[in-house]
Amino acid sequence: MYLYNKTKIYIVQGDITKMEVDVIVNAANNTLLGGGGVDGAIHRAGGPTILEQCKKIGGCPTGEARITTAGNMPSKYVIHAVGPIYKDGRSNEESLLYNAYYNSLKLAKEYELKTVAFPAISTGAYGYPKNEAADVATKAVMDFIDKENFIEEVHFVLFSQDNFDIYKEILDNKFKG
Ligand code: AR6
């Protein structure tokens with residue numbers, strides 16, 4: 001655990017659908033109608049009420065986020081955030097990924113959700129290099145904490161060992177000394 005201002009930041013290796021937090025974040029696509037990866041896992045674990053709500057919302061632009069309840073999962077809500085598809089690193093990917101994290105936390109605050117779990121958005125099917133994505137994710141979260149004193153816990157839930165190791169190295173470095 002890392003303590004940043006008053007917010008606890010955790011890195012966890014595992015399945016985000018199992019997290020007992022107020023809200024888990026999904027790595028969704030513009031349609032919000034489900035897909036593979038963490039999106040598929042969330043819709044499977046949460047059940048059909050999530051898709052029903054997503055259909056009513058009607059989509060989400062890249063870099064933004066929308067909220068539904070969490071169906072059968074232990075969390076209360078799901079924030080569906082849309083990260084960028086990685087092209088060449090010069091197509092606004094960094095600010096779109098940053099915004100996906102930052103806007104998710106804004107929405108969590110709006111709904112008074114104090115404990116939040118994130119996956120590594122865009123690092124699977126969307127091909128964002130994992131190291132760079134982890135830099136952006138940790139920066140966006142820490143910037144939000146700097147500006148808005150609200151979130152109590154942020155959990156970065158990494159499915160793979162390599163992504164866990166990347167986050168550990170980045171956070172150890174940020175917090176050393
Ligand atoms: N818990 C936590 N992380 C997971 C889980 C899980 N259960 N399953 C996979 N991951 P991806 P993207 C990790 O592809 O790159 C979908 O089809 C995975 O190892 O899920 O943002 C959507 O509908 C990877 O590190 O999301 C979109 O069309 C990370 O989650 C598209 O994929 C993100 O991989 C979005 O692509």
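Order of appearance sets the numbers: ligands from 1, and atoms from 1 within every ligand. Along the sequence shown, residues are numbered consecutively beginning with 1.
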Tell me the salt bridge (charged side-chain N to carboxylate O under 4.0 Å, His left out) pairs involving residues 37-66, sequence neighbours left out? E64-R66
Nearest heavy-atom neighbours spanning T49 and G71: OG1-CA, 3.7 Å
Quiz: residues 28-38 side-chain donor-acceptor pairs under 3.5 angstrom, not counting sequence neighbours:
unit_1: N29; atom_1: OD1; unit_2: T31; atom_2: N; d: 2.9
unit_1: N29; atom_1: OD1; unit_2: T31; atom_2: OG1; d: 2.6
unit_1: N29; atom_1: OD1; unit_2: L32; atom_2: N; d: 3.4
unit_1: N29; atom_1: ND2; unit_2: G34; atom_2: O; d: 3.2
unit_1: N30; atom_1: ND2; unit_2: C60; atom_2: O; d: 2.8
unit_1: N30; atom_1: ND2; unit_2: T62; atom_2: OG1; d: 3.2
unit_1: T31; atom_1: OG1; unit_2: L33; atom_2: N; d: 3.0

Can you tell me if D15 and T17 form a side-chain donor-acceptor pair at under 3.5 Å? yes
Neighbour list for ligand 1 [protein residues, heavy atom under 4.0 Å]: G14, D15, I16, A27, N29, G34, G35, G36, G37, V38, D39, A41, A120, I121, S122, T123, G124, A125, Y126, F159, N163
Who passes side-chain hydrogen bond (donor to acceptor under 3.5 Å, both in side chains) against D88, sequence neighbours left out? S91
Point-to-point distance, once rounded to the nearest 0.5 Å, from CD1 of I145 to CE of M142: 7.0 Å
